[in-house]
Undergrad: 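Here you go, one structure.
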Amino acid sequence: MGVHTWSRSEAGSQETLFAIFVIFAIAFLWVLLLSQQSKSKKYYYVSAAILAVAACAYYFMAWGYGILDNGQAWHTDGKHLFWLRYLDWLITTPLLLLDLALLAGLDFWETGFIILMDMLMITAGYIGASTEQFVWQGFGVSMVFFILVLGYLGDGVLALDEDSKNTGTARNLFWLTVLIWCTYPLYFVLEHTMGLSTFQEILCYGISDVLAKVVFALVLVYNFDDDDEPAVYQQQMVVMQQQQPMVTTVA
Ligand code: RET
């Protein structure tokens, strides 16, 4: 697969991608370090995985991987296609939603449905971005799933009646998510109407990616309550302990 070579007209692009890689790499290590002090590891592990995927994607994009030039392979639209972004989003947006769903205590089926709708949103967006004839069809289909994702997520998170610390954090993170995720379709429209330079595109997505992943992860790991698991998990733990009583052996 061809590797993109950065041209003079794209000044600053490669440096910006590297700088964002460094932000993700540091955030990844920071979240792993913080996880040492906590009882519930799941938020740290999910968040660290999100940051690791993003760091890898930015690292390879900086070296010119994951970018198709005009007319290359299946790409027919007039300019570069950063396809590695879509692969990154296909993995990380479900994990971001999983983080929120775990915090809010959504059930398995609700969470699974939201995640599948999200994966359809990214796939349809990719079809639009990669094929000139399907730009607006891809966009339209992707928007339908986008609205479904936020609608179902909002329904699940905002309907929580318990007033615990975790429900409060889940609500704040939900609104943060709505705000930041809305910038992505906006960039898509800008790109396909007035056009953005490679550098502008990298900067726009870079800012949103850092907010959607680094800021999200830090708000989450600094604000969840270790002793405040949603009621549904507490019940599961009781059942598990009844089924498998802890046996301690004295040496
Ligand atoms: C696309 C295509 C056009 C329509 C819509 C889109 C939505 C993208 C979103 C991406 C979120 C990415 C995140 C990345 C984190 O780093 C695919 C641009 C609705 C919502 C949160």
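Remember, it's 1-based here, ligands and their atoms both numbered in the order they're listed. It should be emphasised that the depicted structure is a prediction, and the values quoted were computed from it without experimental measurement. Counting begins at 1 with the first residue of the sequence.
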Undergrad: For atom 6 (C) of ligand 1, tell me which residue out of Ser142, Gly128, Ala124 has the closest non-hydrogen atom.
TA: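 The option holding the nearest heavy atom is Ser142.
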
Undergrad: Would you mind telling me if ligand 1 is within reach of the side chain of Trp181, the backbone, both or neither, using heavy atoms under 4.0 Å?
TA: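 Trp181 to ligand 1: contacts from backbone and side chain alike.
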
Undergrad: Verify the ring-centre separation between Tyr184 and Trp89: is it less than 6.0 angstrom?
TA: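 Centroid separation for Trp89 and Tyr184: below 6.0 Å.
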
Undergrad: Is the centre of the Trp83 ring less than 6.0 Å from the centre of the Tyr65 ring?
TA: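 Ring-ring flag for Trp83/Tyr65: true, centres closer than 6.0 Å.
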
Undergrad: Under 6.0 Å between ring centres: does that hold for Phe18 and Trp63?
TA: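 Ring centres of Trp63 and Phe18 closer than 6.0 Å.
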
Undergrad: Centroid-to-centroid, Tyr86 to Tyr126, below 6.0 Å?
TA: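 Tyr86 vs Tyr126: aromatic centres under 6.0 Å.
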
Undergrad: Who's the nearest protein heavy-atom neighbour of atom 20 (C) of ligand 1, and how far?
TA: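 Nearest protein contact, heavy atoms only, for atom 20 (C) of ligand 1 is Met121 CE, 3.5 Å.
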
Undergrad: A side-chain contact here means heavy atoms from C-beta on lying under 4.5 Å apart; do Leu148 and Leu120 qualify?
TA: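 The answer is no; the side chains never approach within 4.5 Å.
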
Undergrad: Among Tyr187, Phe216, Tyr205, Tyr184, which one has a heavy atom closest to atom 9 (C) of ligand 1?
TA: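 Result: the heavy atom closest to atom 9 (C) of ligand 1 is in Tyr184.
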
Undergrad: What's the shortest heavy-atom distance between Trp6 and Met61, and which atoms?
TA: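 Taking every non-hydrogen atom into account, CZ2-O, 3.3 Å.
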
Undergrad: List the atom of Asp88, the atom of Lys213, and the distance in Å for their closest heavy-atom pair.
TA: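 It is OD1-NZ, 3.0 Å.
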
Undergrad: For atom 7 (C) of ligand 1, which of Gly206, Ala57, Ala212, Pro185 has the closest heavy atom?
TA: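 Residue with the shortest heavy-atom distance to the ligand atom: Pro185.
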
Undergrad: Could you list which atoms of ligand 1 come closer than 4.0 Å to a heavy atom of Phe139?
TA: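 Ligand 1 atoms under the 4.0 Å threshold to Phe139: 3 (C), 4 (C).
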
Undergrad: Is it the case that ligand 1 has an N or O less than 3.5 angstrom from some N or O of Asp209?
TA: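 Indeed, backbone or side chain, Asp209 has an N or O that close.
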
Undergrad: Which heavy atom of the protein is the closest neighbour of atom 16 (O) of ligand 1, given with residue, atom name and distance?
TA: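 Nearest protein contact, heavy atoms only, for atom 16 (O) of ligand 1 is Lys213 NZ, 2.5 Å.
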
Undergrad: Going by the atom numbers of ligand 1, which of them fall below 4.0 Å from some non-hydrogen atom of Gly125?
TA: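 Numbered from 1, ligand 1 contributes 2 (C), 17 (C).
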
Undergrad: Between ligand 1 and Thr93, can you find any atom pair, the residue atom being a heavy atom, that is separated by under 4.0 Å?
TA: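 Yes; Thr93 lies near enough to ligand 1 that a heavy-atom distance drops under 4.0 Å.
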
Undergrad: Please report the closest heavy-atom contact between Phe188 and Tyr205, naming both atoms and the distance.
TA: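 So the minimum-distance heavy-atom pair works out to N-OH, 3.9 Å.
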
Undergrad: Going by the atom numbers of ligand 1, which of them fall below 4.0 Å from some non-hydrogen atom of Met143?
TA: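 So the atoms of ligand 1 that pass are 19 (C).
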
